[in-house]
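Being a predicted model, the structure only gives us computed values, none of them experimental.
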Amino acid sequence: MEKRTIDPWVWGENTNSAQAVEVTNVTGTLYCSGQVALDANGVPSNADMRSQLQQTIQNLETLINEAGYETKNIVRLNVYTTSVQEFFTTCMDVYVPFIQKHGLKQATTLLEVKGLFATLTVELEATVVK
């Protein structure tokens, strides 16, 4: 698999993402359903957004690994949250290190939504290649 990012604007260097990602010679593509802060029994978290994001990232990494893929090969990552403002003020110290840990440069969308399942406040949806 070969990956090339396209980001024609200078401001894009500060976004922890890319405007586009091209992949060639792919041997597999994994489309992950939105992952949230559910425990092993499927019980949703009542914790704050930051804590939910930590659990959500763990769940996403587990799913990707169980499927035989690598988190570093995420090419698309959509973030759904009930508050973009809260996400930026309380979660960036969790989100950015996650991106950096795996060396990600992914296409991404951040959306504020009216609500998520039960008490959940953040959801990650990924596409991964190999």
Q) Does atom CD of E66 have more than 12 heavy-atom neighbours from other groups under 6.0 Å away? A)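 It does not: E66 CD has 12 such atoms or fewer within range.
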Short side-chain to backbone donor-acceptor contact, [X] and [Y], under 3.5 Å:
| X | Y | value |
| --- | --- | --- |
| E123 | F117 | no |
| K105 | S17 | yes |
| T90 | E86 | yes |
| Y69 | T29 | yes |
| N59 | V36 | yes |
| S45 | L38 | no |
| D39 | N41 | yes |
| T81 | T121 | yes |
| T56 | A37 | yes |

Out of curiosity, [X] [atom1] to [Y] [atom2], how far, rounded to the nearest 0.5 Å?
| X | Y | atom1 | atom2 | value |
| --- | --- | --- | --- | --- |
| E125 | L111 | CD | CG | 10.0 Å |
| N46 | T119 | CG | OG1 | 4.0 Å |
| T127 | N78 | OG1 | CG | 7.0 Å |
| F88 | S83 | CZ | OG | 10.5 Å |
| D93 | R50 | CG | CZ | 4.0 Å |
| W11 | Q19 | CH2 | CD | 4.0 Å |

Report yes if some heavy atom in the side chain of [X] is under 4.5 Å from a heavy atom in the side chain of [Y]; otherwise report no.
| X | Y | value |
| --- | --- | --- |
| E61 | H102 | yes |
| Q52 | L120 | yes |
| L110 | Y80 | no |
| V94 | Q54 | yes |
| K130 | V26 | no |
| L60 | I74 | yes |
| F98 | K101 | no |
| K114 | T82 | no |

Are [X] and [Y] connected, step by step, through hydrophobic side chains (Ile, Leu, Val, Met, Phe, Trp, Tyr) whose heavy atoms are closer than 4.5 Å?
| X | Y | answer |
| --- | --- | --- |
| L63 | L77 | no |
| V96 | F87 | yes |
| L53 | L104 | yes |
| L116 | V79 | no |
| V113 | V84 | no |

Q. Can you check side chain to side chain contact (heavy atoms under 4.5 Å, CB included) on I99 and Q106, steps first, answer last?
A. CA-CA 9 Å; I99 298 297; Q106 77 292 345; 3.8 Å; yes
Q: Say whether S51 and D48, considering side chains only, have a donor N or O and an acceptor N or O under 3.5 Å apart.
A: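 Judged by distance alone, the side chains do pair up.
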**Q.** T24-R4 side chain donor-acceptor pair, cut-off 3.5 Å
**A.**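 Note: T24 and R4 side chains miss the donor-acceptor criterion.
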Q.
Before you tell me yes or no, could you show the steps for N25 and M1 under side chain to side chain contact (heavy atoms under 4.5 Å, CB included), namely the whole-Å CA-CA distance, both residues' side-chain angles and the distance that decides it to 0.1 Å?
A. CA-CA 5 Å; N25 301 317; M1 182 270 304; 5.7 Å; no
Q | Closest heavy-atom pair and its distance - C32, I64 | A |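 Heavy-atom minimum between the residues: SG-CG1, 4.1 Å.
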